[in-house]
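Report on the following structure.
One-based numbering, in listed order, for ligands and for the atoms of each. Quick caveat: nothing in here was measured; it's all calculated off a predicted structure. If you read the sequence from its start, that first residue is 1, and numbering goes on from there.
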Amino acid sequence: MESFFICGGNKLEGELSIQTSKNAVLPILAGCILCEGEIVIHKFPKYDDTLTMLKIVEELGAKTYIHDDDVVIKCDSIQKSEIPSNLASKIRSSIFSLGAILSRFKKAKVPYPGGCAIGARPIDLHIKGLEQLGAKIVDKHGFLYCDGSNMKSAVVSLDFPSVGATENIMLASIFLTGKTKIINCAKEPEIVDLANFLNSLGAKIYNAGDSVIEIEGVQSLHGGEYTPISDRIVTGTYMLATVICGGNVTLNNVCYDHIASLVHKIKNNCCKVSIKGDKLTVIANKRPKAISKIETQPYPGFPTDLQPQIMSMLSIAKGTSVIVENLFESRFKHVSMLKKLGADILVNDKTAIIKGVPMLYGANVTCCDLRGGAGLVLAGLVAKGYTTVDDIHHIDRGYYRMEKDLQALGANIERITKV
Ligand code: EPZ
């Protein structure tokens with residue numbers, strides 16, 4: 001089992017380039033299933049999740065190879081419409097491939113997806129959306145058997161702006177003659193990036209990023225190349241690491257708009273933030289102040305994927321803060337571990353009350369999910385003494401060698417293997 005071994009107390013100084021977005025690349029890889037010819041994805045991020053999704057595309061028949069920072073995907077050899085459960089059960093994004101497979105083959109057999117244990121994570125919105133397009137879906141023994149032979153363009157209305165369901169329905173509509181509308185869809189930057197990728201290959205998708213997306217069916221998608229957006233959650237994680245440790249850090253390859261909701265929360269009361277082009281600098285030289293209330297919301301609201309990380313920062317802030325987690329019903333699993341480090345946090349249903357303490361103290365903690373694990377690392381960076389963070393395979397799903405990035409900024413953190 002791999003762990004991080006951290007000696008807390010170092011300030012963070014220096015410059016770092018942000019990796020490509022995990023949650024942009026995952027649906028883009030599913031989008032490759034629709035294409036003919038060859039796709040080159042530049043700056044391909046080698047997170048565990050993106051490598052698993054690449055294996056799923058290979059499992060369907062694509063030939064792929066990684067060349068430096070690029071991945072090349074030859075799509076003509078894709079000929080299977082079924083995904084094995086050993087791969088699909090590892091990641092949430094395996095369900096995104098359903099819409100793409102239906103578009104290409106008019107049939108599909110996919111298992112229920114995996115993903116972080118942050119809630120029930122149902123897929124009813126995905127199924128309802130695809131059924132509104134005319135797909136016939138039967139759920140049998142943990143597999144979805146789908147018949148897409150009668151799918152037609154339609155107006156699809158989502159009960160909730162689900163990121164994955166929006167992506168799935170978009171992928172399922174690309175080749176449907178006529179115009180499909182998705183109402184009440186998600187507006188995340190990763191949705192816009194998927195639409196930009198597909199449009200670069202010949203798709204006709206309009207208004208991605210708004211609450212109504214329109215897709216005009218086309219005959220086929222050709223090959224091409226694409227550079228996905230940078231990861232706004234990795235950006236926010238390292239911004240908060242700088243605030244919690246103190247220091248002066250510049251992050252490159254940042255899109256300010258994608259992280260504006262975090263900047264709005266921490267600028268001035270916790271740190272100074274400046275942006276110049278794609279360079280964002282955070283300067284923190286005093287104990288952060290509490291933030292009266294943070295509510296996680298769909299984009300452009302405060303992202304649920306930064307909730308654990310800002311909770312760690314608030315654990316040592318001056319004053320009492322409140323976090324309301326509106327997106328996932330089990331996304332406070334990191335709280336017990338933060339309390340082991342000395343945090344003073346009270347949880348009642350979807351609300352956490354964080355009473356800032358002057359100091360956290362090193363301890364042995366365990367990750368329960370990807371972003372909760374990242375939050376524990378941030379707490380360890382500021383805790384007095386030594387902290388070990390176990391089960392860091394959760395973190396490797398969405399951060400590529402996090403310890404290397406933090407070492408480059410002056411953190412005292414090592415990856416160790418515990419026997
Ligand atoms: C995506 O998950 C992200 N994952 C998550 O990031 C992120 O937290 C989430 O969007 C919200 O922003 C990827 O993009 C791979 P949703 P997704 O469908 O699509 C409920 C990370 O750390 N819902 O927008 O699964 C659901 O239970 C991960 O990188 C249904 O009820 O999120 C949740 O309460 C964690 N039925 C809410 O909607 C459905 O069919 C939002 O989920 C689908 C979702």
Hits for salt bridge (Lys or Arg N to Asp or Glu O under 4.0 Å) against Lys136, two or more places apart or cross-chain, chain-then-number order -> none

Sorted by chain and residue number, the side-chain contact (heavy atoms from CB on, under 4.5 Å) partners of Tyr256 (sequence neighbours excluded) come out as Ala260, Val263, Ile275, Leu280

* Side-chain ion pair, Asp305 and Arg331, N-O less than 4.0 Å -> yes

Does this structure show an ion pair linking Glu325 with Lys350, if we count only N-O contacts that are shorter than 4.0 Å? no

field: Side chains of Gln19 and Asp405, donor plus acceptor under 3.5 Å
entry: yes

Close residues (non-hydrogen atom under 4.0 angstrom from ligand 1) work out to Lys22, Asn23, Leu26, Arg92, Ile118, Arg121, Pro122, Ile123, Asp124, Leu125, His126, Phe160, Ser162, Val163, Gly164, Thr304, Asp305, Leu327, Phe328, Arg331, Leu370, Arg371

With sequence neighbours left out, the residues meeting side-chain contact (heavy atoms from CB on, under 4.5 Å) with His126 are Arg92, Ile95, Phe96, Ile123, Ser162, Ala165, Asn168

